[in-house]
Amino acid sequence: MDIPTPLTQHSESFTQRYRRYMRARGLAYSSEKTYLYWAVRFIRHRKYQNQSDIRSDDISAYLEFLVIKRNVSPNTQKTALNALVFLCREFLKLEVEDLAFCKSKKAIKLPVVFSHSEATAVIEALDHPFKLIAQLMYGSGLRLNEALRLRLNDIDFNAGTITVRSGKGNKDRQTLLAKSLYADISKQITQVNLTHDRDLSNNLGEVYMPFALARKYPNHAKSLHWQYLFPAPKISKDPRTGRHLRHHIMDRTMQRRMKLAIAASKITKKAGCHTFRHSFATRLLESGTDIRSIQELLGHSDVKTTQIYTHVVGMHHSGVISPMDK
C-alpha cells in the first residue's frame, strides 16, 4: 500500500498522465493517491466528459456540495481544496481566482493523550516486536508508518538519533533515540541480521528500494543496512513487479495489536497508535522543552500545528483549582 504503482509510460489516459506529472514533481505517494482520489470525485460529480471540460470555477460549487450535502469535516474540505487547486493550477494550467465557498466550521479538537502510566501500561501489554514499535512512537514521536518503515541505516546510536525518511510532506527529519531502548534495538538488529542471512541463503533477501535507487544501486536491495528494522514474518510477492521481497510489518497488524493492548489496560480514552505521538509532544512540553524544538522533532511545517499541545498541558500547569477541591 505504500509502494508506488508502476506507470504505463505510453498511456495517454488522464490518470496515468496525472500520476506521471505528480511523480515528476516529487510528491509523496500518499499525496499522489489523495490528489488523484479528489480529482476523480470532482470529475465524476461535475460529469465532465473530456479534460478540456474541466473548469476551475466549479471548484467552489463542489466544495460547498461537500459541506452541505456530504457534511464533511474541515480537514476533509481543506484536503479537497488543496487537491483541486493543484489539479487545475499546476497540472491543467488554469487560472484559479479567489475561491468563495461555504467553509466547514472549524472545530478545535484537543488531541487525546496518554498519561505516562497509561502509556507504559499499554506498552507492557504488547509483545515483541510490537512493544518496541510502541516504545519508539512514544520515545521518539514517530507516526506509525514512520516507525514501521525504519531501515537499519536510519538508527544512529552514536548520535542518539533516528532519521525519518520521506515523512509526511515527503520530508526527512531527525528525532530523539531514547537511550533506554539501545539494548532492545540492538537485539532487534541482531534478529534482522539472522533473518536476512537466512533469506540470502535461499536466494532471497531483497527489500523495496525507494525512487530510482533500485536501478542506481542494484546491490543495495540485498544489503543489510537497507533492511527494515521491523520486517514482516513472511516473504511476499510484490504484485507490481512480481519480485519476492521481505516488506515491513503492516500498519493494520500493529493497529489490531494496539487496540487489544489498550483494552487490556482498561483505558477508555479514544486512543490508538497516534496517541503515543501526541503523548511524546505533551511530555516534552511538560518538561519545559521549547515549542520550536518540539516542532522540529515532530516534523511540523507550521508551529501553529505544534501549539495545539499547549492547550493540553496549560490546564494542568496554570494553578487553577476546581471549586470541588477547595
Side-chain angles (χ1 to χ4, degrees), residues 1-5 28-34 114 119 122-123 125-156 161-178 181 184-193 195-196 199 205-211 213 220-221 223-240 244-262 271-280 297-299:
M1 294 176 67
D2 56 354
I3 298 176
T5 57
Y29 185 48
S30 58
S31 298
E32 175 187 319
K33 291 187 291 184
T34 300
F114 288 133
V122 174
I123 289 171
L126 291 162
D127 56 2
H128 185 79
F130 306 103
K131 178 179 180 179
L132 183 55
I133 296 171
Q135 288 173 316
L136 284 171
M137 291 191 292
Y138 184 43
S140 305
L142 301 180
R143 299 177 178 91
L144 172 57
N145 278 319
E146 290 173 348
L148 296 178
R149 293 173 188 169
L150 287 175
R151 316 254 185 168
L152 299 195
N153 58 7
D154 296 330
I155 307 297
D156 189 336
T161 61
I162 294 175
T163 301
V164 177
R165 310 284 183 185
S166 300
K168 191 173 183 180
N170 207 24
K171 297 178 294 186
D172 292 357
R173 75 176 192 279
Q174 283 191 329
T175 187
L176 307 172
L177 174 58
L181 298 181
D184 289 336
I185 293 175
S186 296
K187 290 179 183 177
Q188 178 65 14
I189 291 174
T190 300
Q191 186 59 49
V192 172
N193 201 343
T195 301
H196 185 53
D199 288 345
E206 285 191 56
V207 291
Y208 166 74
M209 297 289 287
F211 308 113
L213 291 178
H220 282 201
S223 64
L224 177 63
H225 65 275
W226 273 101
Q227 300 300 305
Y228 289 111
L229 181 61
F230 300 107
K234 295 181 180 180
I235 295 288
S236 58
K237 182 179 180 180
D238 185 348
R240 303 165 181 86
H244 289 83
L245 311 173
R246 187 177 291 280
H247 204 48
H248 57 68
I249 293 172
M250 297 303 293
D251 53 1
R252 57 179 176 267
T253 303
M254 180 63 190
Q255 287 164 348
R256 283 197 297 265
R257 298 297 186 104
M258 183 63 64
K259 184 178 180 180
L260 294 173
I262 292 171
C273 293
H274 207 68
T275 308
F276 280 116
R277 178 173 161 87
H278 294 322
S279 305
F280 166 82
L297 293 172
L298 293 175

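The figures here come from the full heavy-atom set of this structure, side chains too, leaving out hydrogens, waters and symmetry mates. Since the structure is predicted, the reported quantities are computational estimates derived from the model, not experimental observations.
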Legend entry - Backbone N/O of Arg151 and side chain of Asp154: donor-acceptor pair under 3.5 Å: yes

Legend entry - Met250 CE to Leu144 CG distance, which is reported to the nearest 0.5 Å: 10.0 Å

Legend entry - Main-chain N/O of Leu229 paired to Gln188 side chain as donor or acceptor, under 3.5 Å: yes

Legend entry - His274 backbone acceptor or donor facing Arg143 side chain under 3.5 Å: no

Inset, instruction - Go through the steps to decide whether Tyr228 and His247 satisfy the test ring pair (Phe, Tyr, Trp, His ring centres under 6.0 Å), and finish with yes or no. - result: CA-CA 7 Å; Tyr228 289 111; His247 204 48; 5.5 Å; yes

Legend entry - Expected output: side-chain Glu146 to main-chain Met137 donor-acceptor under 3.5 Å: no

Inset, instruction - State, with a plain yes or no, whether a side-chain heavy atom of Ile155 is found less than 4.5 Å away from one of Ile162. - result: yes

Legend entry - Residues in ring pair (Phe, Tyr, Trp, His ring centres under 6.0 Å) contact with Phe114, at least two apart in sequence or another chain: Phe276

Legend entry - Inter-residue atom distance Ile123.CD1 - Ile133.CD1, 0.5 Å rounding: 12.0 Å

Legend entry - Side-chain touch Val122/Tyr138, heavy atoms, less than 4.5 angstrom: no

Inset, instruction - Find out whether Leu136 and Leu177 are in side-chain contact, i.e. whether some heavy atom of one side chain is under 4.5 Å from a heavy atom of the other. - result: yes

Inset, instruction - Without swapping roles, check the side chain of Thr175 against the backbone of Ser140 for a donor-acceptor pair under 3.5 Å. - result: yes

